[in-house]
Each structure stands twice: as C-alpha cells, then as structure tokens.
Amino acid sequence: MNKEEIRRKILKKRLSLSSEDIRYKSRQVFLSLAKTIEYINSQNIMSYVATRSEVQTEELIKISIKMGKNIFVPIILPECLNLAPSKIFDFDNELEKGKKGILEPKREYYRLFPPEDIDLIVIPGVAFDLNGNRIGRGFGYYDNFLRKVRPSAKIIALAFEMQIVKKIPNDKNDIPVHKIITEKRVINSI
C-alpha cells in the first residue's frame, strides 16, 4: 500500500472509535508517556492539540502546566507549511480553532519560542511503523518543523494501537520518531 491508501484505511478505523474508547485509550497513553525518562527530564515540551479522533492531549497539557513544565502548542503557518511553538498557560481560555480547524493560541496569546530550545516534541500522526516512520495528514508541517529542532530533542508520537502498521514507505524528507506510545505499549523506534 502507498501512503495515501494507508492514510485512508487508518483514518477510517480511527474515526470509528467511540468517544469513550478515545477517552479511555488516551488516558492509558498519557499514563505511559508520564513515566518515560524523556517526559520526566523535559522542561520545554511542545505538544499537538488533538482533534476529535486523535489521542487526546488536553490532560497532558494541563497536568504538565501544573507541574511547572513549559508547554508549547503549534501555531500553523500555512504560507510556509510550518509550525511555530507558542507557550500556553491556560488550555481552556487561550486557544481557539485555527486555520485547519485545530485549536491553537488566540493571537493575543502568541508567545513564540525558538524550536531549537524544545526538549520534547509530542506529535500526532495517522499511522506509524515499528521503525518510527509516520504518516501524517500529508501537508509536511511536522517534518518541516522537526528539521529546526536540535538533534538531542526527543520526538514521541502518541497513537492508538490500531494505528501501528507493518511498513510505511518513507523518503529522505520523512523524519522518524524516537518512540511511539499506544494504549498497549511503548515502542522504541530509534
């Protein structure tokens, strides 16, 4: 299967999950992430803000802020197919639906931060393989962003177990993740 076929197949499966399944499985993923050395040792964390069918990140963001970690969420820059990390303090009041229908900081809460100072990037995806290859939405935002982070930054993907596939075709533009965390396991890919 090519990337587009895998993307369609997995998105269809993911969209069939109930809200209860998503909530329960997301909680399991978060509990596993919170135990990783990468999360524990990171002070500057960038996390995606989940859409309805993705592993939910609201709890991750809110608890991390309460713990005193610096949390950044992406602002989508469609004109250059890139992301800009922006610090947030209040998940409930500082975000609104952005250009792609994804929650991002309201303009008055833009607090831009250099990508090279991020310790941990928590990213979404549609499908992953055991080697850390991923299929996103197909726009290349995260691959472009990940080229700007320092080599020591850790990249962790959050996924449901049903998003893990045998093999994802990849090319030189694709940046693999270091770990994939599902509700059932932690996959060390690099």
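Everything quoted here is computed from the prediction, not taken from an experiment. If you read the sequence from its start, that first residue is 1, and numbering goes on from there.
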Any heavy-atom pair between the side chains of [Y] and [X] that's under 4.5 Å?
X	Y	result
Arg147	Asn144	yes
Asp143	Arg134	yes
Ile164	Arg185	yes
Phe145	Pro115	yes

Pairwise distance [atom1]([X]) to [atom2]([Y]) - rounded to 0.5 angstrom:
X	Y	atom1	atom2	value
Ile118	Lys154	CD1	NZ	15.0 Å
Leu83	Ile76	CG	CD1	6.5 Å
Glu161	Ile181	CD	CD1	12.5 Å
Glu58	Leu95	CD	CG	9.0 Å
Asn82	Ile75	CG	CD1	11.5 Å
Ile71	Ile88	CD1	CD1	7.5 Å

What is the minimum heavy-atom distance between [X] and [Y], and which atoms define it?
X	Y	value
Ile6	Ala127	CG2-CB, 3.7 Å
Asn131	Ser189	C-CB, 3.5 Å
Pro124	Glu54	CB-OE2, 3.5 Å
Ala34	Ile40	O-CG1, 3.6 Å
Pro105	Tyr110	O-CE1, 3.2 Å
Phe128	Ala159	CE1-CB, 3.5 Å

Ionic contact status for Asp119 with Lys69, cut-off 4.0 Å: no

Yes or no on side-chain contact (heavy atoms from CB on, under 4.5 Å) for Phe113 and Lys87, after CA distance, side-chain angles and deciding distance? CA-CA 7 Å; Phe113 190 76; Lys87 186 170 183 175; 5.7 Å; no

So, the side chain of [X] versus the backbone of [Y]: is there a donor-acceptor pair under 3.5 Å, distance only?
X	Y	value
Ser18	Asp21	yes
Thr182	Phe160	no
Lys148	Pro114	no
Glu94	Phe89	yes
Glu183	Ile22	no

Under 4.5 Å between side-chain heavy atoms, counting indirect links through other Ile/Leu/Val/Met/Phe/Trp/Tyr residues: same cluster for [X] and [Y] or not?
X	Y	value
Tyr142	Ile175	yes
Ile121	Ile135	no
Val49	Val126	no
Leu33	Ile180	yes
Phe139	Leu103	yes

How about [X]: does its [atom1] atom have over 12 heavy atoms from other parts shown lying under 6.0 Å from it?
X	atom1	result
Tyr24	OH	no
Lys184	NZ	no
Lys167	NZ	yes
Arg107	CZ	no

Qualifying residue for side-chain contact (heavy atoms from CB on, under 4.5 Å) with Lys179, from Ile155, Leu158, Ile156: Ile156

Pair Arg14, Met162 - check side-chain contact (heavy atoms from CB on, under 4.5 Å), show working. CA-CA 8 Å; Arg14 202 176 74 187; Met162 47 86 91; 4.1 Å; yes

Should the ring pair Phe30 and Tyr39 be called parallel, tilted or perpendicular, given that the plane angle runs from 0 to 90° and is split at 30 and 60? perpendicular

Can you list the residues that meet the salt bridge (charged side-chain N to carboxylate O under 4.0 Å, His left out) rule with Arg7, with sequence neighbours excluded? Glu4

Start with the C-alpha distance between Lys25 and Leu17, add both sets of side-chain angles, then the distance that settles side-chain contact (heavy atoms from CB on, under 4.5 Å), and finish with yes or no. CA-CA 10 Å; Lys25 291 177 180 186; Leu17 290 171; 4.0 Å; yes

